[in-house]
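Protein chains get the first letters and strands the later ones, always in sequence-line order, with residue 1 at the start of each. Nothing here was measured: the structure is a model prediction, and the numbers come from that model. These numbers come from the heavy atoms of this one structure, side chains and all, not from hydrogens, waters or symmetry mates.
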Amino acid sequence: MAARTAVKLVLPSDVRLVELAHAVAEKMGEAAGLDSGAALDLGLAVREAVINAIVHGNRKDPSQDVELTFTRGSRGIRIRVLDRGSGFDPDSLPDPTAPENVLRNSGRGLLLMRAFADEVRFRYREGRGMEITLVKSLGSPRRGIEAAEGRSEGVVRRT
Amino acid sequence: MAARTAVKLVLPSDVRLVELAHAVAEKMGEAAGLDSGAALDLGLAVREAVINAIVHGNRKDPSQDVELTFTRGSRGIRIRVLDRGSGFDPDSLPDPTAPENVLRNSGRGLLLMRAFADEVRFRYREGRGMEITLVKSLGSPRRGIEAAEGRSEGVVRRT
Amino acid sequence: MKTAIRQSGDVAVVDLSGKITIGEGDVILRDRVHALLEEGKKRILLNLEKVSYMDSAGIGELVACYKRAREKGGTVKLLRPSGKVQDLLQLTKLEEVFETFDSENEALASF
Amino acid sequence: MKTAIRQSGDVAVVDLSGKITIGEGDVILRDRVHALLEEGKKRILLNLEKVSYMDSAGIGELVACYKRAREKGGTVKLLRPSGKVQDLLQLTKLEEVFETFDSENEALASF
Ligand SMILES: Nc1ncnc2c1ncn2[C@@H]1O[C@H](COP(=O)(O)OP(=O)(O)O)[C@@H](O)[C@H]1O
Ligand SMILES: Nc1ncnc2c1ncn2[C@@H]1O[C@H](COP(=O)(O)OP(=O)(O)O)[C@@H](O)[C@H]1O
């Protein structure tokens, strides 16, 4: 996935722009060759990453931006979502599907990302912010629920 | 039009991305309050500016980017399209509607920009590239053909 | 998102269409359900047939509506979730929380 | 953009739908018209009813097709341009170049 073909989208932290990020992700997914169902899944995963970047990462401060980088490759598309916050540890979060959590109002974003992308990686970029990498592969089997249950793709690499 | 709410889109010079720039412009226009007809007009004007930035400004070199900046204000939306080329003088171009030019295969991009945006400004940013500013105002009368004929809004400011 | 409310016997049926997402659909859903509960309409059936998808904010609001109705002695049930919405209910295990129906008549009879 | 070609007497009618824009619609338009001219079909009617818009590349290709047909002793005429396409033809003064019809029968009879 050569970086020279990357498309970048930079947004101020305003939840009304989540829609735009979702739409761009869906279009880029289709342009990369995903069918419309897979492109929607990618859009939904990106939507969750962007909501978190705006709400948790940048605490809705519109002067703090969220940067999305879309890189197309022959085997799929990779999207990075970078905020300006102080990061978090994705492994220390409660399971939103556990009986004691299922009626909570929040806590399902990572579950959705993992269900709708083929790969989800978390990295804290020192002095910069949290970076979530989402990968959607061409011709990959639709892995809605299965992927979310085997949670091994949520690899944390704090560098 | 406060700069802190600006959205930025950076594209490598690949004509397949013209579609994306058009779609983002149309969505941003709608989000700024334009009706769907005015948002389409804005999309069409941006499309022409981006085609020129890719084809003439960056000579389709994918390592050279085109940067779009969308700034929403209470009275409308402003979009800047910046390339990495050596610029041009918009006042020295032939009129594509003159009888001797009407059958040419090209030369109509600026005509369309001026018809579909309410304001079009050209500026060469030394050491950086050509910058086209397109403004679409809320509630402005539809000025398709009239605006293109009175060409006074094509102000050149070489700085 | 758009909504239309019909009264069928003592059940308020809310026909939703569009997306239940952050900052728009979620707010509309909350407003509609809160207004019904304020008016004392405690039996609420959300018709999800024309809802294309929800995000985590929309799902959270659905749960919040469910809990608020329960606090007021009411119930929220679901009608005909579309493919994606059904996937989301299953993924989040909310299908075990919400009573969900394919037939409107059965849904109405169940209250 | 999608196209379908029908033969009506000695006129080839090309039904276009979508957008005639850079890198896609313009290329398809060129390919279709060139292929017809290669086959010796010189009377071409482009049905623009379902074309939502064109950009400068699409308009340029329309002109290029017109000229290429003329070189080969043929003609390209237009049927029912939609609102935006009509605006563009007027703006570029191409409405003075292309014979344009609202009725397919009249268009066919004019060749
Ligand atoms: N970009 C981020 N920056 C900081 N914290 C985050 C970020 N993304 C997620 N988190 C943390 O992880 C938690 C779980 O996130 P998520 O699964 O998306 O659910 P929700 O956002 O509804 O709480 C959040 O409540 C927050 O504490
Ligand atoms: N961004 C740009 N950088 C350099 N030259 C440009 C740029 N935009 C337009 N031009 C010049 O202006 C001319 C007219 O542009 P335009 O009206 O869009 O028609 P066309 O692109 O079809 O030639 C171009 O042929 C080119 O020489």
Exercise. Name the region of A:V102, side chain, backbone, both or neither, that has any atom closer than 4.5 Å to a heavy atom of chain C.
Key: both
Quiz prompt | For A:R47, all residues meeting side-chain hydrogen bond (donor to acceptor under 3.5 Å, both in side chains), sequence neighbours excluded | solution = A:E19, A:H22, C:D55
Self-check item: Under 4.5 Å from a heavy atom of chain C, the part of A:L44 involved
Solution: side chain
Quiz item: Taking all atoms of both residues into account, what is the closest heavy-atom pair of C:V63 and A:R104, and its distance?
Solution: CG1-O, 3.8 Å
Quiz item: Quick one: CG on A:N105 to CD1 on C:I59, what's the gap to the nearest 0.5 Å?
Solution: 12.0 Å
Quiz item: By side-chain hydrogen bond (donor to acceptor under 3.5 Å, both in side chains), which residues pair with C:R70, not counting sequence neighbours?
Solution: none
Quiz prompt | Contact listing (chain A partner; residues 11-27 of chain C; heavy atom under 4.5 Å) | solution = C:K19, C:T21, C:I22
Self-check item: Interchain contact, C:L88 with chain A, by part (heavy-atom threshold 4.5 Å)
Solution: side chain
Quiz item: More than 12 non-hydrogen atoms from neighbouring residues, nucleotides or ligands closer than 6.0 Å to NZ on A:K27, yes or no?
Solution: no
Quiz prompt | Among the listed options A:L40, A:V15, A:N101, A:L112, the residue most often paired with chain C at heavy-atom distances under 4.5 Å | solution = A:L112
Practice problem: Sort by residue number and list every member of residues 101-111 of chain C having a non-hydrogen atom under 4.5 Å from chain A. | Solution: none
Self-check item: More than 12 heavy atoms of other groups within 6.0 Å of A:R59 CZ
Solution: no
Quiz item: What are the two closest non-hydrogen atoms of C:L94 and A:R108, and how far apart are they?
Solution: CD1-NE, 4.2 Å
Quiz prompt | Value rounded to 0.5 Å, distance of CG in A:N52 from OG in C:S56 | solution = 6.5 Å
Practice problem: For atom NZ of A:K60, decide whether the heavy atoms of other residues, nucleotides or ligands shown that lie under 6.0 angstrom number more than 12. | Solution: no
